[in-house]
**Q** 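Dropping a structure here in structure tokens format, bear with me for questions.
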Amino acid sequence: MPSWIGAVILPLSGLLLSLPAGADVKARSCGEVRQAYGAKGFSLADIPFQEIAGEHLRICPQEYTCCTTEMEDKLSQQSKLEFENLVEETSHFVRTTFVSRHKKFDEFFRELLENAEKSLNDMFVRTYGMLYMQNSEVFQDLFTELKRYYTGGNVNLEEMLNDFWARLLERMFQLINPQYHFSEDYLECVSKYTDQLKPFGDVPRKLKIQITRSFIAARTFVQGLTVGREVANRVSKVSPTPGCIRALMKMLYCPYCRGLPTVRPCNNYCLNVMKGCLANQADLDTEWNLFIDAMLLVAERLEGPFNIESVMDPIDVKISEAIMNMQENSMQVSAKVFQGCGQPKPAPALRSARSAPENFNTRFRPYNPEERPTTAAGTSLDRLVTDIKEKLKLSKKVWSALPYTICKDESVTAGTSNEEECWNGHSKARYLPEIMNDGLTNQINNPEVDVDITRPDTFIRQQIMALRVMTNKLKNAYNGNDVNFQDTSDESSGSGSGSGCMDDVCPTEFEFVTTEAPAVDPDRREVDSSAAQRGHSLLSCSLACTVLALQRLCR
């Protein structure tokens, strides 16, 4: 009698059982299974040469089988590892998108700030010389605070900028009035007149609006990339439940136990298993899509009115223009300060007698475009934003699409074109049950995975909350509001309601819509390139006079 027949004799009943009708003769031998099992790196000592009775199996059908208990345990663990790898590989695109783009944007913004500070320092050293170097900490502190804000520091941009102009006024006021001695209390009184007298013209107001909105957008956008990166990294590392592991084993390796190692799962069968195993991930999709939409909105702001590159590149010119305004209005400013703060005491005779040499003359020479430091990686903000917008759009619905992406992999399933010759969980035949919808609650009747729909994954819920919080920040940034300091803004939302726009429509200019201040004049615009050029010519004509006045303290 052939040896395989003896393997199917029940010891108690003594009855000779035949193999199922239509079964391949090769299925009675475990040769193919041994080869496939060994190729996985497992020891062949675990596997029989021929099929054995399958009463010991806990997951696969308890029919004649090539699997021992040890094999079922090892293959079950193998299916878990393969599933984890599949999810990680399938989400690779979205993870690398956020990792690489966060790195690029962060490098760009940091280098942009460094270049702007270097540009201002070089220009002011060349233009104002020792006077600037003696007061350079005022400007260094400005950039230090801007960097601290960008990197997540607790900085109120508006208050910080107000403080910068107040400090600059104190320094300038002393330089244009060297014949007087000013105490600290007197200078504090002077700084209180910054808003009332507008000694620097309209530059501080415009620059505050531009810097505030552009920095809020830039910082929030990079924070959004950070959150997207962290959420994607965390969600891609799945921990399958016991019910999921059983379903994975049944789908991926029970064909081995039935002597069919080359038969792959049916596509729809795979979808039900993956939808059950990834039900919580699919529930992330709604909040993820809202987050992506908010990122895209802020990206549009970065391209348009909140473009931090267009604000920081000419900041040296704008501050120099403000200094010029101060010089032109010095007599009126001094008179009003003296009227409000009192007549200051005369300075010692030696100091008041100092004057600049008659032949001293300097000319302001702005950077040519080719002389300006190049931005990070030789790229521009517009190119970076265009690139990330394309990638963000592709990452929408990524979590609910995971089952479809995985089951589309020809190394996993037999594909949609082979619905008869595929593994349906019991045999090589068509898979009949309907496909479940996405999400946890829709898995109540999943025929393949035992899912407890009453216990949502707390880890996934934490990621949903993180996305919700970030989406709210992005929406505020889109409206020009910093959620950390809404209540302190006197030019954005006076009520701190989180919206600087009426009826969800924001103006295209660099202006805040306010609930307290009068309506914005229609001719307010940011300093354009032509204005900057006019500033250059005005500066070249008047800075000689400015420096003559400022130089007195250095004599």
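No hydrogens, no waters, no symmetry mates; every other heavy atom, side chains included, goes into these values. If you're wondering where the values come from, they're calculated on a predicted model, not measured in any experiment. Here, residue 1 is the first one in the sequence, and each next residue gets the next number.
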**Q** Just wondering, are more than 12 heavy atoms of other shown residues or ligands nearer than 6.0 Å to CG in D450?
**A**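 It does not: D450 CG has 12 such atoms or fewer within range.
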**Q** I'd like to check the side-chain contact (heavy atoms from CB on, under 4.5 Å) partners of E70; sequence neighbours left out, ordered by chain and number.
**A**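 Only D46, T68 meet the side-chain contact (heavy atoms from CB on, under 4.5 Å) criterion with E70.
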**Q** Looking at K237 and E88, is there a salt bridge between them, counting it only when a charged N and a carboxylate O are closer than 4.0 Å?
**A**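 So E88 pairs with K237 through a salt bridge.
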**Q** Could you list all the ring pair (Phe, Tyr, Trp, His ring centres under 6.0 Å) pairs where at least one residue sits in residues 222-258, not counting sequence neighbours?
**A**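 Every pair satisfying ring pair (Phe, Tyr, Trp, His ring centres under 6.0 Å) with a residue in residues 222-258: Y253-Y256.
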**Q** Write down the atom of L402, the atom of S91, and the distance for their closest heavy-atom approach.
**A**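 Here L402 and S91 meet closest at CD2-N, 4.5 Å.
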**Q** Measure the spacing between CG of L290 and CG of N472 and express it to the nearest 0.5 Å.
**A**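 Atom-to-atom, L290:CG and N472:CG are 12.0 Å apart.
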**Q** Given 3.5 Å as the limit, does a donor-acceptor pair link the side chain of N85 with the main chain of L81, or not?
**A**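 A pair under 3.5 Å: yes.
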**Q** Looking at A218 and I308, what are the two nearest heavy atoms and their distance?
**A**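 Closest approach of A218 to I308: CB-CD1, 3.9 Å.
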**Q** Tell me every residue that passes ring pair (Phe, Tyr, Trp, His ring centres under 6.0 Å) with W399, counting only those two or more places apart in sequence or in another chain.
**A**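 W399: ring pair (Phe, Tyr, Trp, His ring centres under 6.0 Å) contacts with W288.
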**Q** Do M470 and T220 make a side-chain contact, defined as non-hydrogen atoms from C-beta onward lying under 4.5 Å apart?
**A**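 Side chain of M470 against side chain of T220, heavy atoms only: contact under 4.5 Å found.
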**Q** Any chance the SG atoms on C257 and C60 come in under 2.5 Å?
**A**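 A disulfide is absent here, as the SG pair of C257 and C60 is separated by 2.5 Å or more.
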**Q** M160 vs L146, test: side chain to side chain contact (heavy atoms under 4.5 Å, CB included). Steps then yes/no.
**A** CA-CA 9 Å; M160 182 272 292; L146 288 175; 3.6 Å; yes
**Q** Quick one: does any side-chain atom of R301 pair with a main-chain N or O of Y478 as donor and acceptor, under 3.5 Å?
**A**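 Judged by distance alone, yes, a pair lies under 3.5 Å.
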**Q** Taking all non-hydrogen atoms of both residues into account, name the closest pair between A282 and G439 and its distance.
**A**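 Of all heavy-atom pairs spanning A282 and G439, the closest is CB-N, 3.7 Å.
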**Q** With a sphere of 6.0 Å drawn around CZ of F42, does it hold more than 12 non-hydrogen atoms of other residues, nucleotides or ligands?
**A**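 Enclosed.
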**Q** To the nearest 0.5 Å, how far apart are CD in E448 and CE in M251?
**A**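 Output value for this atom pair is 9.5 Å.
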**Q** Show the nearest heavy-atom pair for residues A217 and V298, with the distance to one decimal.
**A**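 For A217 versus V298, the nearest heavy atoms are O-CG1, 3.8 Å.
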**Q** May I ask you to test the K389-E303 pair for a side-chain heavy-atom distance under 4.5 Å?
**A**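 Side-chain contact under 4.5 Å: yes.
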**Q** Could you report the tightest heavy-atom contact between C66 and S29, atom names first, then the distance?
**A**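 So the two residues come closest at SG-O, 4.2 Å.
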**Q** Please check if the number of heavy atoms outside Q35 that lie under 6.0 Å from its CD is greater than 12.
**A**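 Not buried by this count: 12 neighbours or fewer within 6.0 Å.
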**Q** Check side-chain contact (heavy atoms from CB on, under 4.5 Å) between D457 and all other residues, then give those that pass, not counting sequence neighbours.
**A**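 Partners of D457 under the side-chain contact (heavy atoms from CB on, under 4.5 Å) test: N280, F459, I460.
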**Q** My understanding is that only residues two or more places apart in sequence, or in another chain, count here; which of them pass side-chain contact (heavy atoms from CB on, under 4.5 Å) with C422?
**A**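 Expected list: C266, A414.
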**Q** Does F215 have any ring pair (Phe, Tyr, Trp, His ring centres under 6.0 Å) partners at least two apart in sequence or in another chain, and if so, which?
**A**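 Residues passing ring pair (Phe, Tyr, Trp, His ring centres under 6.0 Å) with F215: none at all.
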**Q** Between D482 and R219, does any side-chain N to carboxylate O distance fall below 4.0 Å?
**A**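 Yes, D482 and R219 are salt-bridged.
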**Q** Mind checking what makes side-chain hydrogen bond (donor to acceptor under 3.5 Å, both in side chains) contact with N446, not counting sequence neighbours?
**A**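 N446 satisfies side-chain hydrogen bond (donor to acceptor under 3.5 Å, both in side chains) with Q443 once adjacent residues are dropped.
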**Q** Can you tell me how far NZ of K103 sits from CZ of R229, rounded to the nearest 0.5 angstrom?
**A**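 Here the rounded value is 11.5 Å.
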**Q** Does K147 have more than 12 heavy atoms from other residues, nucleotides or ligands lying within 6.0 Å of its NZ?
**A**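 Correct, the count exceeds 12.
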**Q** Compare every heavy atom of K250 with every heavy atom of P255, then report the nearest pair and how far apart it is.
**A**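 Minimum heavy-atom contact is CD-O, 4.0 Å.
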**Q** Looking at E145 and R148, is there a salt bridge between them, counting it only when a charged N and a carboxylate O are closer than 4.0 Å?
**A**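 A salt bridge is present here (some side-chain N lies under 4.0 Å from a carboxylate O).
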**Q** Check whether any side-chain N or O of N307 sits under 3.5 Å from a backbone N or O of S214 as a donor-acceptor pair, and report yes or no.
**A**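 Between the backbone of S214 and the side chain of N307 there is no qualifying donor-acceptor contact (under 3.5 Å).
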**Q** Would you say the side-chain atoms of D106 pair up with the backbone N or O of H102, donor to acceptor, closer than 3.5 Å?
**A**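 Pair absent, no side-chain N/O of D106 close to backbone of H102.
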**Q** Taking C-beta and beyond as the side chain, do M295 and L474 meet within less than 4.5 Å on heavy atoms?
**A**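 Result yes, sub-4.5 Å side-chain heavy-atom pair found.
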**Q** Under 3.5 Å, is there a donor-acceptor pair between the side chain of N268 and the main chain of I435?
**A**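 Flag not set: sc N268 to bb I435 has no pair under 3.5 Å.
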**Q** Can you spot which of I406, D438, L440, V235 makes a side chain to side chain contact (heavy atoms under 4.5 Å, CB included) with L278?
**A**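 With L278 as partner, side chain to side chain contact (heavy atoms under 4.5 Å, CB included) holds for just one option, I406.
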**Q** Give, for atom CG of D387 and atom NZ of K104, the distance between the pair rounded to the nearest 0.5 Å.
**A**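 Separation between the atoms: 5.5 Å.
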**Q** Could you give all pairs that pass the salt bridge (charged side-chain N to carboxylate O under 4.0 Å, His left out) test and reach residues 276-297, with sequence neighbours left out?
**A**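 The answer is D283-R461, E287-R468, D293-K396.
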**Q** Side-chain contact test, heavy atoms from C-beta onward, threshold under 4.5 Å: evaluate it for I59 versus L75 and give yes or no.
**A**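 No, their side chains stay 4.5 Å or more apart.
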**Q** Please confirm whether the backbone N or O of M436 pairs with a side-chain atom of K275, one donor and one acceptor, at under 3.5 Å?
**A**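 Here the side-chain-to-backbone pair exists.
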**Q** With a cut-off of 6.0 Å (strictly less than), are more than 12 heavy atoms of other residues, nucleotides or ligands near NZ of K428?
**A**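 At most 12 heavy atoms, drawn from other residues, nucleotides or ligands, come within 6.0 Å of this atom.
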**Q** For the pair M274 and C270, evaluate side chain to side chain contact (heavy atoms under 4.5 Å, CB included) and give the outcome as yes or no after the intermediate values.
**A** CA-CA 6 Å; M274 293 301 163; C270 173; 4.0 Å; yes
**Q** I'd like to know if the side chain of N424 reaches the main chain of R430, judged simply by a donor and an acceptor atom lying under 3.5 Å from each other, with no hydrogens or angles considered.
**A**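 It does hold such a pair.
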**Q** Is there a donor-acceptor pair under 3.5 Å between the side chain of S79 and the backbone N or O of S76?
**A**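 At least one qualifying donor-acceptor pair exists.
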**Q** Salt bridge or not between R110 and E114? Use side-chain N to carboxylate O under 4.0 Å.
**A**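 E114 and R110: not salt-bridged.
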**Q** When you compare the side chain of R101 with that of L384, does any pair of heavy atoms fall below 4.5 Å?
**A**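 No, every pair of side-chain atoms sits at 4.5 Å or beyond.
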**Q** Where the side chain of T96 meets the backbone of F93, is there a donor-acceptor pair that is under 3.5 Å apart?
**A**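 Yes, the answer is positive, given that a donor and an acceptor are paired below the 3.5 Å cut-off.
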**Q** Mind checking what makes ring pair (Phe, Tyr, Trp, His ring centres under 6.0 Å) contact with Y150, not counting sequence neighbours?
**A**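 Ring pair (Phe, Tyr, Trp, His ring centres under 6.0 Å) check on Y150 returns F109.
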**Q** Sequence neighbours left out, what pairs pass salt bridge (charged side-chain N to carboxylate O under 4.0 Å, His left out) with at least one residue falling in residues 259-270?
**A**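 Qualifying pairs, neighbours excluded: none.
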**Q** With a 4.5 Å heavy-atom cut-off, do D452 and T241 have their side chains touching?
**A**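 No, their side chains stay 4.5 Å or more apart.
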**Q** Do the side chains of I464 and V231 get nearer than 4.5 Å, heavy atoms only?
**A**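 They are not in side-chain contact.
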**Q** Check step by step if side chain to side chain contact (heavy atoms under 4.5 Å, CB included) holds for L112 and D313.
**A** CA-CA 8 Å; L112 183 66; D313 267 354; 4.0 Å; yes
**Q** So, using side-chain contact (heavy atoms from CB on, under 4.5 Å) as the criterion, who are the partners of D409 when residues are at least two apart?
**A**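 Expected list: L86, S411, V412.
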**Q** Donor-acceptor pair, E158 side chain versus T212 backbone, under 3.5 Å?
**A**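 Looks like no, no N/O pair under 3.5 Å.
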**Q** Who are the ring pair (Phe, Tyr, Trp, His ring centres under 6.0 Å) partners of F83, not counting sequence neighbours?
**A**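 Per chain and number, F83 pairs via ring pair (Phe, Tyr, Trp, His ring centres under 6.0 Å) with no residue.
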**Q** Apply side chain to side chain contact (heavy atoms under 4.5 Å, CB included) to the pair F108 and V222, showing each step before the final yes or no.
**A** CA-CA 11 Å; F108 178 85; V222 171; over 6 Å; no
**Q** Would you say that V311 contacts F306 through its side chain, given a criterion of any heavy-atom pair below 4.5 Å between the two side chains?
**A**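 Side chain of V311 against side chain of F306, heavy atoms only: no contact under 4.5 Å found.
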